[in-house]
2 protein chains.
Amino acid sequence: MPRMAASDRRAELLEAAIRVMARDGVAKATTRAVVTEAGMTLGAFHYCFESRAQLLELVTETLTERYVAEVRGLFAPHKDIRDSVLDSLHAFWKGFEANPGEHQISYELTQYALRNSGFEDVAGKQYEIFLRAFASLLELAADNAGIEWTEPVPVLARYVLSVIDGLNMIWLVDRNTDDSRAALEMLADHLLLHARPRAA
Amino acid sequence: MPRMAASDRRAELLEAAIRVMARDGVAKATTRAVVTEAGMTLGAFHYCFESRAQLLELVTETLTERYVAEVRGLFAPHKDIRDSVLDSLHAFWKGFEANPGEHQISYELTQYALRNSGFEDVAGKQYEIFLRAFASLLELAADNAGIEWTEPVPVLARYVLSVIDGLNMIWLVDRNTDDSRAALEMLADHLLLHARPRAA
DNA sequence: GTCTATAATGGGATAGAC
DNA sequence: GTCTATCCCATTATAGAC
């Protein structure tokens, strides 16, 4: 085994953990499974992390940031608000279907955080970040298209995130892509109901 | 310990398991925790159930049936489609807030089923039943109000279930009742977009 | 710094006494 | 039929050899 800085090991263990979780689930990502995936020994784990819980916290934060970055990157601004919304939602969905395992982890980690004391704020931060990200995209879309939203943006953001999360999770169960996309397109139409030309 | 028929023990263990899971989560509902809750000994467990997995399967089926029964019971038919939809959604939400723990179990069990081989069909059946239940309520609402849906009912059912699941899960994290209810009311308006008077 | 060996714990399942 | 005692396994974490 090559010598490595502890920070590099940490990064490798983090990525190994994400791979194991995407493949087998959060519960199966034991310290042993993670170090095996990373090609390290069990001892290596505990000079990089205080505990398995600490690793899970880091994974949660990392995936949250990644998802937000992905969503920002996929956002498709247009002059026409309908195009913005429709293109962006399709792009988000495509990103999800390209990598469902990684999004599934996120839902599992939320459940984990809700059920383990000392982790409540982890789930809280996770969704605070998600909600803020969608809210800021809604603002951005409005700016680009010269419209304003007739409902409070935090409520719209919660609505959009709910539909996306809900559709994702049902798709994870039944893989019904056609109905999922049809429902997603309904969401686009519904959002447009709450847009009106900006007052001068 | 009193003598009991195995079937009664099974029923008690089932309810004990649901209580433990609602309180502490599915992962923490070990065989030991469940028998302690039920006031039985560990040995008792294994003449009622072949394995912990079998218990989890039974819990999943039981909670699925209960939820469907609850939703059917809360459904509020009216002559006016808007009243039907709005009243029903509010009633569903009230049911959720009255017992969030039991609904949280359902999400955890879905994740569990998705991650454990031999359980894929458990999650599949769960959502098939949910989707069918919402579809049949949509049909029922349409009949009562003399309208027809302009989108395929399975797509509408998926959409409604997604919003409800998504809002529930976000609420479990941040307990923001106001924004959740506001989003739920948006769903009602959106559904109405896809209703039109029935052709004679 | 690295890794083996081993604690210490908690879990599912079972054998066998009563 | 009931429950104790135990097996056996996997886990997290650590101690200590190299």
Side-chain angles (χ1 to χ4, degrees), chain A residues 1-14 16-21 23-60 105 108-109 111-113 115-119 122, chain B residues 1-14 16-21 23-60 105 108-109 111-113 115-119 122:
Chain A
M1 275 294 103
R3 297 237 162 174
M4 301 178 57
S7 65
D8 289 345
R9 277 195 186 281
R10 247 178 96 91
E12 283 207 13
L13 284 168
L14 171 64
I18 292 172
R19 284 197 302 276
V20 173
M21 288 180 194
R23 198 173 57 229
D24 303 321
V26 170
K28 304 240 170 82
T30 63
T31 53
R32 282 175 157 81
V34 171
V35 295
T36 300
E37 173 78 20
M40 300 184 196
T41 60
L42 191 52
F45 184 86
H46 282 284
Y47 34 86
C48 294
F49 292 97
E50 272 190 14
S51 65
R52 179 176 181 263
Q54 199 189 58
L55 170 66
L56 293 187
E57 191 173 336
L58 181 63
V59 170
T60 307
I105 300 177
E108 292 179 80
L109 287 170
Q111 303 291 343
Y112 176 89
R115 289 302 197 179
N116 291 273
S117 53
F119 273 81
V122 174
Chain B
M1 274 296 102
R3 297 233 160 179
M4 300 177 57
S7 65
D8 288 346
R9 278 196 185 279
R10 247 178 95 93
E12 283 205 14
L13 284 168
L14 170 64
I18 292 172
R19 283 197 302 276
V20 174
M21 288 179 193
R23 197 173 56 229
D24 303 322
V26 170
K28 303 240 170 83
T30 63
T31 53
R32 285 174 158 82
V34 171
V35 295
T36 300
E37 174 77 20
M40 301 184 195
T41 60
L42 192 52
F45 185 85
H46 281 285
Y47 36 85
C48 295
F49 292 97
E50 271 190 14
S51 65
R52 178 177 183 261
Q54 199 189 59
L55 169 66
L56 292 187
E57 191 173 334
L58 181 62
V59 170
T60 307
I105 300 177
E108 293 178 82
L109 287 169
Q111 303 291 343
Y112 176 89
R115 289 302 196 179
N116 290 274
S117 53
F119 274 81
V122 174

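What you see is a predicted model; the values in this text were computed from it and never measured. Quick note on labels: first sequence line is chain A, next is B, and so on, each numbered from 1.
Base contact: A:Y47 has a heavy atom under 4.0 Å from a base atom.
Atom CZ of A:R9 is separated from atom P of C:dG1 by 10 Å (rounded to the nearest Å). Taking atom CG on A:D8 and atom P on C:dG1, their separation rounds to 12 Å, with Å as the unit. Rounded to whole Å, the distance from CG on B:D24 to P on C:dG11 is 12 Å. Summarising the geometry, the separation between CZ on B:R32 and C1' on D:dA5 is reported as 11 Å, rounded to the nearest angstrom. Across the protein-nucleic acid pair, B:K28 atom NZ and D:dT11 atom P stand 18 Å apart, rounded to whole Å. Taking atom NE2 on A:H46 and atom P on D:dA15, their separation rounds to 11 Å, with Å as the unit. The nearest whole Å value for the distance from the CG atom in A:L13 to the C1' atom in C:dC3 is 14 Å. Taking atom CE on B:M40 and atom C1' on C:dG12, their separation rounds to 18 Å, with Å as the unit.
The shortest distance between side-chain heavy atoms of A:V26 and B:Q111 does not fall below 4.5 Å. Contact check for B:N116 versus A:K28: side-chain heavy atoms found under the 4.5 Å cut-off.
A sub-4.0 Å separation between OP1 or OP2 of C:dG12 and a side-chain N or O of B:T31 is present.
In this structure, the side chain of A:E37 does not engage the main chain of A:V20 through any donor-acceptor pair within 3.5 Å. The backbone N or O of B:A38 sits nowhere less than 3.5 Å from a side-chain atom of B:R19 that would complete a donor-acceptor pair.
The nucleotide whose nearest atom lies closest to any side-chain atom of A:T41 is, among C:dA13, C:dT4, D:dA13, C:dT4.
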